[in-house]
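Below is one structure, written out as structure tokens, with a few remarks after it.
Here is the naming used below: chain letters follow the sequence lines, and residue numbers restart at 1 for every chain. All values derive from a computational prediction rather than experimental measurement.
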Amino acid sequence: MIANQLDKAYEPHEVERRWYAYWEENQLFAAKEESPQPSYSIVIPPPNVTGVLHMGHALNNTLQDILCRYRRLRGDNVLWMPGTDHAGIATQNVVEKKLAAEGKDRHQLGRGKFIEAVWQWRAQYGSAIINQLKRLGASCDWRRERFTMDEGLSRAVRQVFVQLYEEGLIYRGDYIINWCHRCHTALADLEVEHEEHAGHLYHIRYPFPDGSGGIVVATTRPETMLGDTAVAVHPDDERYQKIGAQTVILPLMDKEIPIIRDSYVDMSFGTGGLKVTPAHDPNDFEIGLRHNLPRVKVIGDDGRMTSEAGRFQGLDRFRCREEVVQALKQENLLEKVEPYQHSVGHCYRCKTVIEPNLSRQWFVKVKPLAEKAIDAVKTGQTVIIPAMWANTYFDWMHNIRDWCISRQIWWGHQIPAWTCEGCDEIIVAMEAPAVCPFCKGHNLEQETDVLDTWFSSALWPFSTMGWPDGTPLLQKFYPTSVLVTGFDILFFWVARMMMMGIHFMGDVPFKDVYVHALVRDEEGQKMSKSKGNVIDPLTIIERYGTDAFRFTLAAFAAQGRDIKMSAKRVEGYRHFINKVWNAARFSLMHLDRGYQAIQSERLSLPDRWILSRLHQVTAAVSEALDSYRFNDAASELYKFVWHEFCDWYLEAIKPVLYEKEDPGHKEATLGVLWRVLRDTLALLHPFIPFVTEEIWHQLPGTNGSIMTAAYPSAGTDAARIAADKDAEAQMALLIGIISGIRNIRGEMDIAPSRSLAVTIQTHHANLRETVEGQRNLIINLARLESLTVGDHMERPKSSATVIVDGATIFVRLAGIIDFTKEWERLEKELNKLAADLATVSRKLDNADFLSKAPAQVVAKVRAQQTRLLEKQRKLQVNLERLKEAET
RNA sequence: AGGCACGUAGCUCAGGGGGAGAGCGCUACCCUGACACGGUAGAAGUCCCGAGUUCAAAUCUCGGCGUGCCUACCA
């Protein structure tokens, strides 16, 4: 025996560093533009450049890596396109914070210097998340890494903007948008998070001009009343049919505003009177359009009341609310204040309360784009998996509203639009125009706004591949094979990529969209910094190794269910990695003496059995991965490696390997062992790339990286590895017999060191043959001193009985235990049998079952009954004899 | 308000019309020449509740209850 080359326990850290460097140096992640192999491509959901790796990234990228490594093994030419997102608002916030710590702000620096500072920040910290992805084992083609602010991608952004503008799909206008006062920018509807909030509903009376009565309106935001330009009632509302007045007085402002009639008003809400603030409410804005109302903006972009707010000018919006309420009380116009639950919008970046505000912004007209994106999923050009997400997608797409794409920040793609100071016309162009095409003026001012970050990420699947140039990369890898993402960005990102891809490439951006779950904490709570329940993937990797972590993620990635993550669960799978390691360690001890190709004519039963199982598992794993059932693939492998390969095959072949018996079979067995280990490593590699690569290099007969290995069943001797039902059935019998004997040993408290004498009686010649043929296997694994097999064997005196299939097994117990235990054991077994028989008999006594159930099912139940009755009879006989003999 | 998902062993979850499963945990025994990050055996479940369809329901349908999430222009 040659000394072990492998440590007793797997130590991941050094191994991970070594092999990742090796993969990169040898360019094993590289996609080839010119390869004749089938293409397989994935674009990474680009993490924010400010980001640090969290559980969501870990899951997302582990799944992508599993797919990419799997497809490479299958021989595909794989492109996994990596990169990061410039994350406009988030990044600007980070850099502004850094400046603030130095006592500066961006306005002191000015736009140019500020952007320079952001680029500097990016150079210094921007690769953090990329390095973390590498720790995870991500096999991206790093040479092609992209950034949404790169020159190439920026050019794509400008091109798209110009074309959409020319097609009339981008326009600028004054509308109500969501305004974040802290970020000082407009936000898209999607970027507003709604949260239930316990507020108040204020009922305010707007008196008629003569000072009498008036109309009572209700609002949750009383400060907006300062900008009211009408009061609306429903045209059919009888309460307001015969009021004489045409106007009311707007309290606190002493302004006369009209009473209008609009069917938008809900008569059943409150008094049926609605205050209309076109500049601060989206619905009121629409009403304002219909009735030609003036728009009075009372809340400024800085969150303070404007000069239009009269004496409240300069007050903070929330302070103003209090003051308005006070003033109304004093004037006796506040009829009632009641507690009220309503949802309040917050900025998704900084959680500040959003104000609907009138503002001039740029919009994309999405309806025409959305229609095609809907069709693409309806017709199956793109398949969303699991299918339930398709409904969510359709729902959102059908109700989609125009997309506000301008942001009042500095970090991002500046909108390629110029205003001519001379004639006020807007010029939209790829590059800065020298003269105004309308008036030939030279004073052109570029739009200061930048584009929503999602505008550039919407182009990601083709901009990263070189669009608008028709590159070889695009031709080879667009559309991509699959997009792997979380449902939280289904709308933000997936839907928009669909729209842009179809519009600009004339084809969907991906064939499949696999939507995975969210990673939560142990209690199912969303992980968040404020809750303090965040588990850092890097800590997990440090503690348990990347492979254990990846396998955990895959094993828990069941479709449609969130993943509850805890260190404990990863620990469990670290044991599995160690099991793989030790199984390999054991195998290598024997294989380093040499091995040979499988000789089918010389295979033992365990050999045939494990090859058959390998064949089935290979098919099951491929099928699971092809349909994105990662957890099924992982559990197939787990069960196969641990409970078949280790528990039974390795144990079964030990006597052969140690040359205790069948010396002629050793070579054949080594051939099988080698092959099963080789194939199993390849099957495992996509999930646990590091440990498999490490073992691979210890395994004789392999060349280079496991990444270049042939996927199991693709080899030339594939025919030798096939399903073998006969071997599986025989092995099942042997496992049953051995487990039965072990069960007696366990129940009777017989020490493992004590060898047992066993007699097996069966009338079935084929069973006898199997048992005789494998007597050494049984003797070794059940620890027997003797084994007798026969057709008409007498039950030996003082023995325990167990029945497996058609065989009765007697374990001699004379002098070992007291027999009341065996009585109890047999009686327990008989009780269980009686219960099973009752269920079966109930079916067979039912005439409807016999006439209506499929014949196959009836036959199966009959066979079951026969088997149970037979077993019951044998056990009863044995119980009787036990009583006769021992009492 | 609408929609989606989920409810199976103490915990985490597979399964998905015909004999209730896995991992972890638990109990007992065992350091047997790969592995104590291990081995062998065992205990443990009204498959949330109720009705319906069916010869047959944990599984399909409907209705409850509970949990989570998403969407919405709920003054």
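Counted by atom type alone, A:Tyr206 and A:Asp228 present one or more donor-acceptor pairs between their side chains at under 3.5 Å.
At least one donor-acceptor pair closer than 3.5 Å links the side chain of A:His346 to the backbone N or O of A:Val344.
Each of A:Pro752 and A:Asn578 lies near RNA chain B, and the nucleotide nearest A:Pro752 is the one positioned closer to the 5' end. Place A:His643 and A:Phe586 on RNA chain B by their nearest nucleotides, and A:His643 ends up nearer the 5' end.
Annotation for A:Glu870: atom CD counts as buried by contact number, over 12 foreign heavy atoms lying within 6.0 Å.
Between B:C55, B:C74, B:G38, one nucleotide has an atom nearer to the side chain of A:Lys579 than all others, and that is B:G38. The side chain of A:Leu190 has B:U71 as its nearest neighbour among B:A75, B:U71, B:C69. Checking B:G42, B:C35, B:C69 against every side-chain atom of A:Phe487, the shortest atom distance belongs to B:C69. Listed nucleotides: B:G18, B:C35, B:C24. Nearest to the side chain of A:Glu651: B:C35.
Salt-bridge formation is detected for the pair A:Lys654/A:Glu651: a Lys NZ or Arg NE/NH1/NH2 atom is positioned less than 4.0 Å from an Asp or Glu carboxylate oxygen.
The phosphate of B:G38 (OP1 or OP2) has a side-chain N or O of A:His575 nearer than 4.0 angstrom. Distances shorter than 4.0 Å separate some side-chain N or O of A:Lys564 from OP1 or OP2 on B:C13. Residue A:Lys639 has no polar side-chain atom (N or O) positioned under 4.0 Å from OP1 or OP2 of B:G23.
B:G17 makes up no base pair with any nucleotide shown, lacking Watson-Crick or G-U wobble contacts both under 3.5 Å. Nucleotide B:U67: paired with B:A5 (Watson-Crick or G-U wobble, both distances less than 3.5 Å).
One interatomic measurement links the two molecules: NE2 of A:His516 to P of B:A5, which rounds to 19 Å at whole-angstrom precision. The separation between A:Leu490 atom CG and B:C69 atom C1' is 13 Å, rounded to whole Å.
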